[in-house]
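Keep in mind that the numbers below use all heavy atoms, side chains included, and drop hydrogens, waters and symmetry copies. Residue numbers start at 1 and run along the sequence shown. Note that the structure is a prediction, hence the values are computed from the model and not measured.
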Amino acid sequence: MTINEALKKVYGKITGSDRIAFLSAFICGLLIHIPAMIKDVPNHDGLSSMYFSQNMITSGRWFLGVVCAPSSYFTVPWIIGLIGIFELAVAAIFLVKILDTDNPLVIFIVSALLVSFPSLASSFAYVYTLDGYMAGLLLAVLSVYMAKKDHFVIGGILLAFSLGVYQAYLPFAMLLCIWCVWETMMQNEKGSVKKCMEYVYMGMIGAVLYYVILIVLLKVQGKVLDTYQGIDSLEHSGLSDRFSTLPGLYKDFVKFTFSKGFITGDACAAGVLVLGAAAVISAVMLAVKNKLYKKAWFYWLVLLTAVLVPACANVVLMITPGVKYHLIMRYQWVLFIMAGAVLCGKFVDSCEDKKKLPVLVSWLSVISAFVIIFSYAVSVNIGYTNLQRRYEKTYGYCVRLLDRIESTEGYYQGVPIAIIGVVGDDEYPPTDITTPVTSEMIGLTGDHLLYTADNYEAFMKNYLGATLTFASPEEVEKIYYSDEYIAMESFPGKTSVKIIGGVLCVKTEDAVRD
């Protein structure tokens, strides 16, 4: 078989639904996120990650370096962004297959939601690792798809590699499995319970394989798990510690569901409310039409779902109790909106006579979904705009700072420098006007890119072409508690740059300490 013949064979297996899903996700992804792809606008972590090997095995991400390799380990936003959106577009194809819908409008909604949800925008703020993370999400989706196709062992292997990229996509797979369990039970076929258990087996295989590979690679490289984000608790925390997180887990689920990370504004809130109501009506009508209320398993599964959905969505809080659970790790919430749209589509398609209720549900669900997608698109671009402004503010600030450093009496090339503190609010009060929208979007909110001395060093080196020699932490600590430093003004005050004990000190924190 020649390559042309092989490609024709593959193309012949691509359905119309596959094309709609892929093109919808890819085109919408480009339209929404192109501002982050055509500029090199870093966030604070990106300042020192212009080249990053992605070897993060101490964070449990033993496969991340492999999936990031094709785009090189340099930060090239356009290439990384294209790869990431392509991976999401492929994921959209299999999401549609898992959710089992062939309604073109619903397929578009599912695909557009996948690439518009604000979690992706926060991932773009850390663009140097975006393509790897999206590969992890794709693997998580594929793992469920393979389990649905009776290949749960292959699914488990794929899930292990997804966890090896980024553990935060485990909830995405778990929620999809709950959907598949409902779908399996509603088919009312012999062996349904056995089929449902295969999703559990897939998860167990994935978790065990991931952990075994992690331990082996840590031994080979002579490393141990880091304390960052509490990943070391994989080895040190017992079952009692994990179950003690359950009350907070459910509380966090409710809190985030009504937060600005999920509901980004009034229009989005209205869309979620209308779509949610339409989805509930659709679910009830489908249950009545299929006479599910006559089956005992239905009530047990409803109860089990109510308990498991929040737990699965927040399972990361149970696995690593000390984690800082930010927006990048909450991509799974988009599945709730997708599920609502799919339920409405299934109800409308199941009605042979399009009477008032199906017609009303059809219009309300589609319009509200489009409102949500547009609201997300606007919100993430507000975040990108603020990221650009953060860079420009930081650039202007560091140019002034560098000029003061180099014009200070006693300065010479190679003098030890201690830049102490972040940008002080006393002299530079916050000017970010996007906080009401971007407050939950980690990496996109705030005024400046400067949080540590390392940020100053990386920005001046990589964006101003100035290589400075920074003092050791011990020297900085000694200066910080000296009377001479305490008496200094905050930059740009006259006494904010001063040589103390042979170290050129720059005081950027507020003059009066809290």
Over-ring placement of Lys507 relative to Phe491, 6.0 Å and 45° cut-offs
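No, Lys507 does not lie over the aromatic ring of Phe491.
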Cation over ring, Arg61 on Tyr166, under 6.0 Å and within 45°?
no
[X] (side chain) donor-acceptor with [Y] (main chain) under 3.5 angstrom:
X	Y	result
Arg389	Asp432	no
Ser490	Glu509	yes
Ser259	Phe256	yes
Ser368	Ser365	yes
Asp131	Ile80	no
Ser71	Cys68	yes
Asn381	Ala377	yes
Glu427	Gly424	no
Thr445	Met441	no
Thr75	Tyr128	no

Flag yes if more than 12 heavy atoms outside [X] fall under 6.0 Å of its [atom1] atom; otherwise flag no.
X	atom1	answer
Phe253	CZ	yes
Tyr451	OH	yes
Glu477	CD	no
Ile433	CD1	no

Can you confirm if the aromatic rings of [Y] and [X] lie within a centre distance of less than 6.0 Å?
X	Y	value
Tyr456	Phe470	no
Tyr73	Phe52	no
Tyr428	Tyr397	yes
Trp333	Phe172	no

If you apply the rule side-chain contact (heavy atoms from CB on, under 4.5 Å), what do you find for Leu138 with Leu88, and how did you get there?
CA-CA 7 Å; Leu138 171 58; Leu88 280 177; over 6 Å; no
Between [Y] and [X], do the side chains contain a donor N or O and an acceptor N or O under 3.5 Å apart?
X	Y	answer
Thr385	Gln388	no
Thr435	Ser439	no
Ser111	Ser24	no

Is there side-chain contact between [X] and [Y], with heavy atoms separated by less than 4.5 Å?
X	Y	answer
Met134	Ser123	yes
Val497	Cys505	no
Met338	Ile109	no
Thr264	Pro118	yes
Phe262	Val334	no
Phe22	Val96	no
Leu444	Asn386	no
Leu249	Met318	yes

Heavy-atom pair with the smallest gap, counting every atom of [X] and [Y]:
X	Y	value
Val309	Leu175	O-CD2, 3.8 Å
Arg404	Ser496	NH2-OG, 3.4 Å
Tyr384	Ile32	CE1-O, 4.0 Å
Cys312	Ile178	SG-CD1, 3.8 Å
Leu114	Leu120	O-CD2, 4.4 Å
Ile57	Leu217	CD1-CB, 3.2 Å

The test is side-chain contact (heavy atoms from CB on, under 4.5 Å); show your working for Thr508 and Ile420 and say whether it passes.
CA-CA 6 Å; Thr508 59; Ile420 303 175; 5.7 Å; no
Starting at [atom1] of [X], measure out to [atom2] of [Y] and round the result to the nearest 0.5 Å.
X	Y	atom1	atom2	answer
Leu327	Tyr325	CG	OH	10.5 Å
His44	Leu449	NE2	CG	9.0 Å
Ser122	Tyr133	OG	OH	12.0 Å
Leu176	Ile98	CG	CD1	5.0 Å
Ser162	Leu170	OG	CG	8.0 Å
Leu504	Tyr411	CG	OH	8.5 Å

Lys393/Asp447 salt bridge by N-O under 4.0 Å criterion:
yes
In terms of side-chain geometry, is the basic nitrogen of Glu440 or Arg330 positioned less than 4.0 Å from the acidic oxygen of its partner?
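No, Glu440 and Arg330 are not salt-bridged.
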So Trp62 and Tyr210, would you call those rings parallel, tilted or perpendicular, with 30° and 60° as cut-offs?
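Aromatic pair Trp62/Tyr210 classed parallel.
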Hey, can you tell me if Phe86 and Phe26 have their rings parallel, tilted or perpendicular (30° and 60° cut-offs)?
perpendicular
From CA spacing to verdict: side-chain contact (heavy atoms from CB on, under 4.5 Å), Trp78, Ile83:
CA-CA 9 Å; Trp78 177 247; Ile83 294 173; over 6 Å; no
Please assess Tyr395 against Tyr463 for the test ring-ring contact (aromatic ring centres under 6.0 Å, His included), listing each intermediate value before the final yes or no.
CA-CA 8 Å; Tyr395 187 92; Tyr463 292 91; 8.1 Å; no
Would you please test Val422 and His448 for side-chain contact (heavy atoms from CB on, under 4.5 Å) and show each step?
CA-CA 9 Å; Val422 294; His448 297 86; over 6 Å; no
Testing Ile215, Leu218, Thr58 for side chain to side chain contact (heavy atoms under 4.5 Å, CB included) with Leu225, which one passes?
Leu218
Thr452/Asp454 under side-chain hydrogen bond (donor to acceptor under 3.5 Å, both in side chains): CA gap, chis, key distance, verdict:
CA-CA 5 Å; Thr452 66; Asp454 291 341; 4.6 Å; no
